[in-house]
Amino acid sequence: MRIATWNINSVRLRQELVLRLIDETAPDIVCLQETKTPDHSFPHQPFIDRGYPHIAIAGMKGYNGVAVISRLAVESHEIRHWCGKEDCRHIAVRLPDGTEVHNLYIPAGGDIPDPAVNEKFKHKLQFLDEMTAWWPANRRPDQKMILVGDLNIAPLEHDVWSHKQLLDVVSHTPIEVAKLGAMQSTLGWVDSARQFVPPDQKLYTWWSYRAADWQLSDRGRRLDHIWVTPALAGGLKAHRTLREARGWEPKPSDHVPVVVDVEV
DNA sequence: ATGGTCGAGGATCGA
């Protein structure tokens with residue numbers, strides 16, 4: 001199976017770019033985050049026409065939103081809620097063979113890395129805590145599962161352009177990294193990109209819109225991830241981070257797709 | 001140290 005994840009930052013504005021990803025990489029399943037549209041205005045038809053008729057979405061007006069677009073049959077889907085909010089950050093699909101794909105958009109967390117003064121950061125940490133409790137209570141490491149999405153955390157030193165300068169910047173603070181690590185440990189989730197790109201090598205999936213020249217400054221972060229359970233880890237075959245998509249015209253997302261091949 | 005740019009939706013808010 002080939003699976004892709006991409007924070008698209010408005011699926012209506014960038015549906016042509018999603019089709020370009022499909023044409024260039026031929027994934028079986030595409031997971032999107034920040035679709036930013038209610039379900040009634042999600043653009044189903046372009047994906048159906050491309051051979052991806054199995055679509056599961058959880059959208060809302062203006063913010064967040066996740067979608068799974070598949071050319072493989074999907075047996076069922078489930079929209080999950082966290083922190084008492086219905087804010088469209090998690091949709092899971094179950095394939096006929098029992099494999100589950102969990103598509104996540106973890107809260108970004110605002111600017112100030114202090115839960116006492118920043119409600120958004122508090123929400124991010126609580127979201128991680130709730131998920132960390134949920135996985136071992138509801139799923140087993142021997143179940144075939146893929147967790148993808150914009151996790152809004154760059155856990156490793158070389159997942160950011162400057163480890164030192166980002167230690168107190170939300171997305172790379174020690175408390176977030178520790179909580180993401182705790183969630184990863186619950187089922188022994190394997191970080192697929194780092195199975196192919198050594199941890200001492202820089203790897204990013206996001207570059208700010210605010211840079212004058214994203215390529216020149218190259219101040220990126222690896223916020224987008226594909227994890228698999230131990231049951232699938234031995235089947236990992238390939239990984240691509242599509243850095244070039246940061247320059248796709250006319251209006252690139254600030255995130256790029258990550259694509260993984262895994263035997264299921 | 002600061003400000004820089006996007007998208008949604010029609011003023012700010014969130015990233």
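Hydrogens, waters and symmetry mates play no part in the numbers below; they use all other heavy atoms, side chains included.
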DNA chain B: 5'-proximal contact among A:G110 and A:P252 (nearest heavy atom): A:P252
message: Between B:dG4 and B:dA15, how far apart are the two C1' atoms, rounded to whole Å?
response: 14 Å
- prompt: Just how far is it from atom CG of A:L223 to atom CG of A:D150, taken to the nearest 0.5 Å?
  reply: 6.0 Å
- request: Tell me what A:R221 touches on the nucleic acid: a base, only sugar-phosphate, or nothing, going by heavy atoms under 4.0 Å.
  value: nothing
message: So, using ring pair (Phe, Tyr, Trp, His ring centres under 6.0 Å) as the criterion, who are the partners of A:Y52 when residues are at least two apart?
response: none
query: Expressed in angstrom and rounded to an integer, what is the separation of A:D150 atom CG from B:dG14 atom P?
result: 17 Å
query: P atom, B:dG9 versus B:dT5: distance in rounded Å?
result: 22 Å
Whole-angstrom distance between B:dG10 and B:dG14, as gauged at atom P: 15 Å
task: Please test A:W248 against A:E24 for side-chain contact (heavy atoms from CB on, under 4.5 Å), starting from the C-alpha separation and ending with a verdict.
output: CA-CA 12 Å; A:W248 281 358; A:E24 294 193 9; 3.5 Å; yes
- prompt: Got a sec, which residues hit side chain to side chain donor-acceptor pair (under 3.5 Å) with A:T205, two or more places apart in sequence or on another chain?
  reply: A:D224
- prompt: Taking only residues two or more places apart in sequence, or in another chain, which ones meet A:N138 in a side chain to side chain donor-acceptor pair (under 3.5 Å)?
  reply: none
- line: A:L17 atom CG is separated from B:dG7 atom C1', nearest whole Å, by 14 Å
query: So which of residues 203-211 of chain A are in contact with DNA chain B, with a heavy-atom cut-off of under 4.0 Å?
result: A:Y209, A:R210
- line: Hits for ring pair (Phe, Tyr, Trp, His ring centres under 6.0 Å) against A:H44, two or more places apart or cross-chain, chain-then-number order -> A:F42
- prompt: Can a side chain N or O of A:K251 be found less than 4.0 Å away from OP1 or OP2 on B:dC6?
  reply: no
- request: Specify the separation, in whole Å, of atom NE2 of A:H123 and atom C1' of B:dA15.
  value: 14 Å
Contacts table for residues 177-187 of chain A: side-chain donor-acceptor under 3.5 angstrom, sequence neighbours left out:
| residue | atom | partner | partner atom | Å |
| --- | --- | --- | --- | --- |
| A:K179 | NZ | A:D129 | OD1 | 2.9 |
| A:K179 | NZ | A:D129 | OD2 | 3.3 |
| A:Q184 | NE2 | A:W189 | O | 3.1 |
| A:S185 | OG | A:G181 | O | 2.9 |
| A:T186 | OG1 | A:M183 | O | 2.6 |

- request: Quick one: label A:R14 by what it contacts on the DNA or RNA (base, sugar-phosphate, nothing), any heavy atom closer than 4.0 Å.
  value: sugar-phosphate
- line: To the nearest angstrom, the CD1-C1' distance between A:I106 and B:dA15 comes to 15 Å
field: A:N7 CG - B:dC6 P separation (whole Å)
entry: 16 Å
- line: Taken to the nearest whole Å, CD1/A:I112 to C1'/B:dG14 is 14 Å
field: Residues that A:D261 engages under side chain to side chain donor-acceptor pair (under 3.5 Å), provided they are two or more places apart
entry: A:R2
So which protein nitrogen or oxygen atoms get under 3.5 Å of nucleotides 8-12 of chain B's nitrogens or oxygens?
| residue | atom | partner | partner atom | Å |
| --- | --- | --- | --- | --- |
| B:dA8 | OP1 | A:S10 | OG | 2.1 |

message: With no hydrogens and no angle check, just 3.5 Å: does a side-chain donor-acceptor pair link A:E34 and A:N7?
response: yes
query: Looking only at atom P, what distance separates B:dT2 and B:dC6, rounded to whole Å?
result: 23 Å
task: Round to the nearest Å and state the distance from A:N64 atom CG to B:dC13 atom C1'.
output: 12 Å
- request: Enumerate the residue pairs fulfilling ring-ring contact (aromatic ring centres under 6.0 Å, His included) with a member in residues 99-126 of chain A, sequence neighbours excluded, ordered by first and then second residue.
  value: A:H90-A:H102, A:H102-A:W135
- request: Nearest whole angstrom, please: distance from the P of B:dA15 to the CD of A:E119.
  value: 13 Å
